[in-house]
Amino acid sequence: MADLSFYISPLSEEIREEGRAEGRVQAWVEGILRAFDVRGIDVTDEMRRRVATCGDMELLRHWLGRAVVAGTAAEVFGEEPMDRGPAPSR
């Protein structure tokens, strides 16, 4: 009979959690890049690399939120201010 204790060990659970975290990061990366593509926003190879190599979930969330409303990729990365339209009148 095979020893299956590794599959229920803390190390095994840690490995599975790391895989799930990597999968979540990859999903956000793909979402950001897809938003650029769907919206027709030009993205340099450097910008694509920047997104693809980012492992910071908070930063990825920030970028995705901006990617769905920004007019340019530079706005997404904070390299130029976003045009928020006219200020509301009072």
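The shown structure was predicted, so the numbers you read here are calculated from the model rather than taken from an experiment.
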Side-chain atoms of residues 54-65: list all donor-acceptor pairs with protein atoms under 3.5 Å, sequence neighbours left out, distances to 0.1 Å.
from: Asp56; atom 1: OD1; to: Glu58; atom 2: N; distance (Å): 3.0
from: Asp56; atom 1: OD1; to: Leu59; atom 2: N; distance (Å): 3.2
from: Glu58; atom 1: OE2; to: Arg61; atom 2: NH1; distance (Å): 2.9

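- Closest heavy-atom contact between Ala73 and Val43: CB-CG2, 4.2 Å.
- Every residue two or more places apart in sequence or in another chain that forms a side chain to side chain contact (heavy atoms under 4.5 Å, CB included) with Thr44 is listed here: Glu46, Met47.
- In this structure Arg20 satisfies the salt bridge (Lys or Arg N to Asp or Glu O under 4.0 Å) test together with Glu13, Glu17, sequence neighbours excluded.
- Under the salt bridge (Lys or Arg N to Asp or Glu O under 4.0 Å) criterion, Arg50 pairs with Glu79, sequence neighbours left out.
- For Glu14, there are no salt bridge (Lys or Arg N to Asp or Glu O under 4.0 Å) partners, not counting sequence neighbours.
- Checked by atom type and distance alone, the side chain of Arg66 never pairs as donor or acceptor with a backbone atom of Phe77 at under 3.5 Å.
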Side-chain donor/acceptor pairs under 3.5 Å, residues 25-37, sequence neighbours excluded:
from: Gln26; atom 1: NE2; to: Glu30; atom 2: OE2; distance (Å): 3.1
from: Asp37; atom 1: OD1; to: Arg48; atom 2: NH2; distance (Å): 3.0

